[in-house]
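Note sheet for the following structure.
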Amino acid sequence: MSDPADPAAALADYLRLAGARSKGRRPWFFENRDAERVLGIAMALAQELSVTRDRLDTLERLLEQAGLLRRADIESYAPDAAAAAERGRRTQEYLAVLLRVVQQELEESEAGPEERSSEEVARELGGAEAESQ
Amino acid sequence: MSAKQNYEGPPPWRSIGRHEMLPEASHDDAARFDFLAQLNHHLGSKVLPGIQRVYEREVEPEQRRRTGAGFRNRHEVRRSLGRHPGYRSWSALRRATMEMRQQAGRMLVLRQWGALNQKAQRLNEAGLGESLLLDPAIETPRYLAAVDHHCMPGSYHAELAPGDVAAAANYDAGIFVTTGGLLGRYSDGGGRGVVDWVREHLPDFRPQRILDIGCGLGHNVLPLARAFPEAEIWAVDQAAPLLRYGHARARALGVRNVRFAQGNAESLASLGFEDGRFDWVQSTMVLHETSHRAMPRMMREIHRLLAPGGITLHIEQPQYHEKMDLCEQCLRDWDAFNNNEPYWTRFHEVDLDAVLVEAGFASGALLHGGVFAPAEDAEAAAAREDGAPRSEDFGRSPAWRLVGARKAAA
Ligand SMILES: C[S@@+](CC[C@H](N)C(=O)[O-])C[C@H]1O[C@@H](n2cnc3c(N)ncnc32)[C@H](O)[C@@H]1O
């Protein structure tokens, strides 16, 4: 960080600095801190979704102003069979990605009783002494 | 009815007043601020009333049932209400909103950090040592150093490098998120309201020297400077980044009769201010960020600095009083515990009249009143008269109590 008034002076770590914590121990409100952490991530995603919707809205309005589309056409748009299939497929992929964690948790309950965790296998492969050291 | 007539909520960030120092915002930076202002509006107008209902229907009756009596003070309310899942959700969301607002503001400021500092340097050049007086010997008082106020990383004073204005640029660009535009395009509703109050209640007052303590980046001192263009005005703060930015911003807005100086308002001897120098000493939303020891000291210093017949005015959110509902007190206290405003809670129970009298003002010379951010134009005024009662986001509404005093004439 050389000259603070050099417009090119890159704050290489500006992303870390932007998201830095404020001094003063943080109160956590949920009994389960993990849940509050996930809420924090969800709200950030909600923000970015809102930003994206605003951007789409800007785009549509600018295109309409330029005479390139009519927003009413968007509202009444009905996909034909081919488009509907493409779109349906994409939504299915999206849901599969979104809910992978649920899928995998359920798959695990189907695993046989002989399946071990890596930690257990590490113990098995390293011998009993490795564990007691 | 058009969509516009139906709309009640914050204006777009893009409508805020522009000036040369204001950081450049991209489409998405502005959209983040807009989302966060809406989120605050939602929490204040849709969620908060639900918390009050929970208190009235569940928490308060439960307390009566259990103890045979109601709550005795706001701290008891906080301990009980604080266990309710609704209160917790509201708090977690409110805290997250504050943190997101800081990140959004810092992201946009730090991206153009060098350019902003350079702009400030250029605008400040001519005034350095004249109308911009920085004093590296001023230390950040403990009450501002112990925690970062309203979750601003680095608070008002931290500098990433000498000459830094980032803290102030972030404050200026992002204050809109918590005020939802209610303070006006230049976030100066407090200052404009004070000017209106003075014109109405002290019509013959012709101050020649005005001191604004804890001026921040000068949002609320510029209206005083415009209202009294002949006056010599000093704006004092302890944090250099605010003063650098504030001075540059004032220049950019064409206001030239304000001197920005670094000092600690508990003792301004370092600036060479002699006894009786000022006709008016103002503080706007400052006292609640000090301490129980510092605040009376500031009042004594103000008394010293005032000329005979001079006035001092302080504007703050209302003090707690016996008739104020305990749930409201508890909700107003939220920022003290959850948004790094540590003196907020105790401050709001202080008898400010007694502090002023203790500082040397006569009890018959105290001043009291209400100050409102005046609407800026006919459109804003019409929107306000539109009926629908405004939701009140406790602690953040554009209406304040004014407390002050006139120093005895010699
Ligand atoms: C919430 S800000 C208000 C800023 C400004 N008055 C406004 O209305 O925009 C409070 C300010 O008070 C300043 N402050 C608090 N205690 C102070 C002290 N002892 N001396 C100088 N400034 C102080 C802080 O640095 C901060 O800028």
Side-chain angles (χ1 to χ4, degrees), chain A residues 1-66 71-72 74-75, chain B residues 27-32 34-36 38-39 82 85 87-93 95-100 102-122 145-155 159-166 337-338 340 342:
Chain A
M1 216 178 293
S2 41
D3 179 3
D6 172 3
L11 276 177
D13 51 353
Y14 86 93
L15 284 180
R16 182 188 62 78
L17 288 168
R21 69 185 283 271
S22 60
K23 184 174 169 187
R25 285 194 183 284
R26 188 194 200 277
W28 291 84
F29 301 95
F30 290 175
E31 266 165 65
N32 180 339
R33 187 160 156 166
D34 294 342
E36 192 166 334
R37 189 182 312 114
V38 175
L39 174 76
I41 297 173
M43 291 312 292
L45 282 173
Q47 169 182 274
E48 296 309 303
L49 175 61
S50 176
V51 166
T52 305
R53 291 202 63 152
D54 279 5
R55 206 170 173 99
L56 264 182
D57 181 61
T58 302
L59 195 65
E60 288 173 14
R61 286 172 196 272
L62 289 178
L63 288 174
E64 185 170 63
Q65 265 174 37
R71 287 188 298 146
I74 294 180
E75 300 310 333
Chain B
H27 179 282
D28 292 2
D29 290 323
R32 282 195 185 116
D34 284 334
F35 170 77
L36 292 168
Q38 293 288 357
L39 180 53
Y87 177 92
R88 291 185 184 188
S89 298
W90 172 68
S91 295
L93 288 165
R95 172 80 189 203
T97 309
M98 290 305 301
E99 292 170 349
M100 287 159 75
Q102 288 303 324
Q103 185 180 31
R106 286 169 64 81
M107 188 96 78
L108 113 130
V109 165
L110 295 180
R111 228 192 277 123
Q112 54 194 298
W113 185 68
L116 277 172
N117 292 332
Q118 191 182 52
K119 263 192 247 178
Q121 203 178 63
R122 188 169 43 70
V147 298
D148 286 341
H149 271 78
H150 21 82
C151 297
M152 303 181 295
S155 194
E159 298 178 356
L160 295 168
D164 188 8
V165 298
F337 304 104
N338 304 308
N340 291 356

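We name chains A, B, ... by the order of the sequence lines, and we start the count at 1 in each one. Every heavy atom of this structure was used, including side-chain atoms; hydrogens, water molecules and symmetry mates were not.
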For [X], is it the side chain, the backbone, both or neither that has a heavy atom under 4.5 Å from a heavy atom of chain A?
X: Arg122(B); result: neither
X: Ala30(B); result: neither
X: Thr97(B); result: neither
X: Asn340(B); result: side chain
X: Ala145(B); result: backbone
X: Phe337(B); result: backbone
X: Met107(B); result: both

Heavy-atom donor-acceptor pair, Ser50(A) side chain to Ala46(A) backbone, under 3.5 Å
no

Under 3.5 Å, is there a donor-acceptor pair between the side chain of Asn117(B) and the main chain of Val165(B)?
yes

Would you indicate whether the side-chain heavy atoms of Trp113(B) and Asp164(B) approach each other to under 4.5 Å?
yes

Any side-chain heavy-atom pair of Gln102(B) and Pro153(B) under 4.5 Å:
yes

Distance, nearest 0.5 Å, that separates [atom1] of [X] from [atom2] of [Y]:
X: Ser22(A); Y: His150(B); atom1: OG; atom2: NE2; result: 11.0 Å
X: Leu39(B); Y: Gln47(A); atom1: CG; atom2: CD; result: 9.0 Å
X: Arg21(A); Y: Cys151(B); atom1: CZ; atom2: SG; result: 10.0 Å
X: Leu63(A); Y: Ile74(A); atom1: CG; atom2: CD1; result: 8.0 Å
X: Ser89(B); Y: Phe29(A); atom1: OG; atom2: CZ; result: 11.0 Å

Heavy-atom cut-off 4.5 Å, strictly under: side chain, backbone, both or neither for [X] against chain B?
X: Glu48(A); value: side chain
X: Arg26(A); value: both
X: Arg55(A); value: both

Any idea which of [options] has the most non-hydrogen atom pairs under 4.5 angstrom with chain A?
options: Leu116(B), Leu108(B), Asp148(B); result: Asp148(B)
options: Gln112(B), Gln103(B), Arg88(B); result: Arg88(B)
options: His149(B), Met152(B), Arg111(B); result: Arg111(B)

Determine which residues belonging to residues 32-43 of chain A lie within contact range of chain B, meaning some heavy atom pair is under 4.5 Å apart, and list them by number or answer 'none'.
Glu36(A), Leu39(A), Met43(A)

Are Asp57(A) and Arg53(A) ion-paired here, with the side-chain N under 4.0 Å from a carboxylate O?
no

Taking only Lys NZ, Arg NE, NH1 and NH2, and the carboxylate oxygens of Asp or Glu, determine whether Arg71(A) and Glu64(A) approach each other closer than 4.0 Å.
yes

Thr52(A): partners by side chain to side chain contact (heavy atoms under 4.5 Å, CB included), with sequence neighbours left out
none

